[in-house]
Amino acid sequence: MEVCYQLPVLPLDRPVPKHVLSRRGAISFSSSSSLFGAPDPRQLSQRRGAISYDSSDQTALYIRMLARLSCASASASSEPERRVHRLLSFQRYLHSSRLLRGVPQQIPVHILDEDYTGQARCMLEKVGNWNFDIFLFDRLTNGNGLITLTFHLLNQYGLVELFQLDMVRLWRFLVMVQEDYHSENPYHNAVHAADVTQAMYCYLQEPMLAKSLTSYDILLGLIAAATHDLGHPGVNQPFLIKTDHYLATLYRNTSVLENHHWKSAVGLLRETGLFSHLPPEDSLSLERELGSLILATDISRQNDYLSRFRMHLDQDNLCLSNASHRHFILQMALKCADICNPCRPWELSKQWSEKVTEEFFQQGDIEKKHKLEVSPLCDRDANSVGNIQIGFMTYVAEPLFAEWARFSDTRLSQTMLGHMGLNKASWGGLQQEQTSVSEEAEPSTASAGTEDAAAAAAARKQGSTATAAGGTRSKEIPQGNRES
């Protein structure tokens, strides 16, 4: 049976209000005005380029401005391309269908393009599989994997109806979330956010969580996963601090990126008015708990969370009927989802490893260009994908997922640990092959040609020995560096 999504149908006897706005692939409405009726000019959302604000909510304006300032110069030259880069299929349906003129209830409005609908829907039927290929899914959804996946999961759990979420506001929120991820980042982009959201769904399906979490917990967990790296600039916190970036100043050099992601998500929630129908104290509580989840992804605080998790497991005192304990488990689930790339099948894990390492190296290139001290792991001349990944698995991923397996000893947990062991061995094998090739190339260089060439080879060999003795290429990964 064909499954399709339906959006609310507008009455035939009501004209489309003039204050319906368009925002790169999705219709949007002023969060302070009703869907129908005369708009209040003082309350209409205003747009100045990519910055959106409502005159009644200066907080949202401030957050949105901050989120855009850092990439304004970089995006100026590519703005024409960005305007058409991710034209959503949903927009084409709005223009080609009779939705806004009154569509009969029985005619469905598909979220996906017809060309991709079948394959993408087949993938969504298996969205709980750990080998879910998010790269393929993003291609099948025309670059809209985060929007489509998150919408599907919220709808599958019945959260749209349960929390009475306005479909137009929800769609606009998801579109804005996807757009605010920087697509030029090799790793911290919307595809990574979609991958973390899919992993979070897998964890939510685990028996320990499925029988204990409330609908509110699930809603919070999915939104946190989708927004956990919102507006990531593609560099780490030490880089922001040593360059006196405004974000480092704003958040006083403490969980700078995570605070930025959280406040950016809050800005979009307020701008779209997604939860404006809830009592103010409820929406504020949701925003605070959302921040608590996102802040937990700060890898520099990894040991704090891991020690607390280990203590709970040692004492066997986790009680998931307790709201604070459920929230803590959500934090740990999001932390696992955020750095689960080493636990994926090799063909997926390898792609993520190459992408995150390239993002590290790009930061190192910037630091070299501006005569800054190159951050650990960011020098492409002194590091490789393999040694970075082996270090990350050994010191960060393995301890976390070992404790998660203690908490939830399931087939999925064992599968993740099994993949990580195989992936670590694969990177080790590749490292050995590269070392063997380098050693074989050295004598051939020395024996080819003149005495000068032989002398040069000997000098290089002596220099490499000195480097090894000095220990400048340690494989240990500092705790403050993040792959998530």
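Below 30°, between 30° and 60°, or above 60°: for His192 and Tyr187 the angle between ring planes is between 30° and 60°, a tilted geometry. Between Tyr157 and Tyr201, the ring planes lie perpendicular to each other; the angle is over 60°, past the 30° to 60° tilted range. Taking the six-membered ring where the residue is Trp, Phe328 and His312 present tilted rings, their angle falling between 30° and 60°.
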Check: Would Arg406 and Asp314 count as a side chain to side chain contact (heavy atoms under 4.5 Å, CB included) if you check the C-alpha gap in whole Å, the side-chain angles of each, and the deciding distance to 0.1 Å?
Finding: CA-CA 10 Å; Arg406 285 180 62 197; Asp314 290 342; 2.8 Å; yes

Checklist line | Evaluation steps, side-chain hydrogen bond (donor to acceptor under 3.5 Å, both in side chains), between Glu359 and His188 | finding: CA-CA 8 Å; Glu359 191 165 297; His188 288 105; 2.5 Å; yes

Next item on the list: Would you sort out whether Cys340 and Tyr203 count as a side chain to side chain contact (heavy atoms under 4.5 Å, CB included), showing the intermediate values?
Entry: CA-CA 11 Å; Cys340 72; Tyr203 300 150; 3.7 Å; yes

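When the shell of 6.0 Å around CD of Gln164 is examined, it contains 12 or fewer heavy atoms from other residues, nucleotides or ligands. Within a 6.0 Å radius of CD in Glu161, other residues, nucleotides and ligands contribute 12 heavy atoms or fewer.
Considering only heavy atoms from C-beta on, Met416 stays 4.5 Å or farther from His419 through its side chain. Asn131 places none of its side-chain heavy atoms less than 4.5 Å from the side chain of Glu347. Residues Phe392 and Val356 are not in side-chain contact: their nearest non-hydrogen atoms beyond the backbone lie 4.5 Å or more apart.
Legend: residues meeting salt bridge (Lys or Arg N to Asp or Glu O under 4.0 Å) with Glu206, ordered by chain and number and at least two apart, are absent.
Between the side chains of Asn387 and Ser384, at least one donor N or O sits under 3.5 Å from an acceptor N or O.
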